[in-house]
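The structure that follows is given in the form of structure tokens.
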Amino acid sequence: MIRILETKERIIEDNDALAKSTREDLNNRKVFFINLMGSPGCGKTSLLMNTIPCLKQRYKVAVMEADVDSDVDAKTIESLGVKTIQLHSGGLCHMDADMTARGLQFLGLEDLDVVIMENIGNLVCPAEFDTGAHLKAMILSIPEGDDKPLKYPLMFETVDAVLVSKIDAKEVFDFDEKRFENNLRIRNQKAPVFYLSNLNKEGIKAWTDYLINKIEEFRKS
Ligand SMILES: Nc1nc2c(ncn2[C@@H]2O[C@H](COP(=O)(O)OP(=O)(O)O)[C@@H](O)[C@H]2O)c(=O)[nH]1
Ligand SMILES: [Mg+2]
């Protein structure tokens, strides 16, 4: 009999334990942590560019930009005048709890109210790893299609909020909102859906109102 060790289970268990302790540390410091996920090009950085000016009026905000390489997104976000760091995954396709905890330490949590992490563009691996975030949100853009909840179940199951971006481009794609929501509800019955355009800002306010509400709930708890 060959002995088998299921290493993946162990990796996830260790990851979840570290994520839990990160969340406890953030709770003690009253820092609300958001994990923003979605495919490459779905509009994560653009959404942050539209979200941060509103959050900045109320909270001290910082951003961790995670990418395989480069610092283009960090430079874009830094132009908003918020504390920003770039994390390189060295080829990995997601941020795990350890990489995130090291990022938070490097960022420095003193004097912060809200930290947002733009995760690596991917609909698969980031969903598997709890990072210690209080809120997990994902963006699906109209050109990606309304069938994605069927193809990437865990991502859609695991998030607290779903954002559908690029609604300004709806006319040139066959994305059907009803079909999308039927597919989404197979995976996730609770997550609110926000349809928005980073280009013309339609729908951004509903999203920032939701976010502020979540941050306020956290601060009162
Ligand atoms: N038309 C349109 N383009 C968008 C929207 N959001 C992002 N984009 C464009 O999509 C491309 C990728 O956006 P980016 O924010 O870098 O995506 P990320 O890779 O998820 O961070 C850029 O050219 C953006 O200008 C949107 O809501 N509508
Ligand atoms: Mg980006």
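Both counts, for ligands and for their atoms, begin at 1 and track the order of listing. Being a predicted model, the structure only gives us computed values, none of them experimental.
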Ser46 backbone or side-chain N/O/S under 2.8 Å from the Mg ion (ligand 2): no

With sequence neighbours excluded, residues passing side chain to side chain contact (heavy atoms under 4.5 Å, CB included) with Pro153: Glu157, Arg187

Considering only N, O or S atoms of Asp73, the one closest to the Mg ion (ligand 2): OD2

Pairing of Asp73 and Lys44 as salt bridge, 4.0 angstrom limit: no

Note: Asp160-Lys136 ion pair, threshold 4.0 Å (strictly below): no

Under 4.0 Å from ligand 1, counting heavy atoms only: the protein residues, by chain and number: Ser39, Pro40, Gly41, Cys42, Gly43, Lys44, Thr45, Ser46, Glu118, Lys166, Asp168, Ser197, Asn198, Leu199

Pair Lys166 + Glu144: basic N to acidic O under 4.0 Å: no

N/O/S from Asp67 sitting under 2.8 Å away from the Mg ion (ligand 2): no

N, O or S atom within Glu118 nearest to the Mg ion (ligand 2), by name: OE2

Salt bridge present between Arg23 and Asp130 (N-O < 4.0 angstrom): yes

Identified side-chain contact (heavy atoms from CB on, under 4.5 Å) partner of Met64 from the options Asn35, Leu104, Thr84, Ile116: Leu104

Test ring-ring contact (aromatic ring centres under 6.0 Å, His included) applied to His94 and Phe129, step by step: CA-CA 8 Å; His94 61 273; Phe129 290 86; 4.1 Å; yes

Verify same cluster id: Ile34, Val159 (apolar side-chain graph, 4.5 Å): no

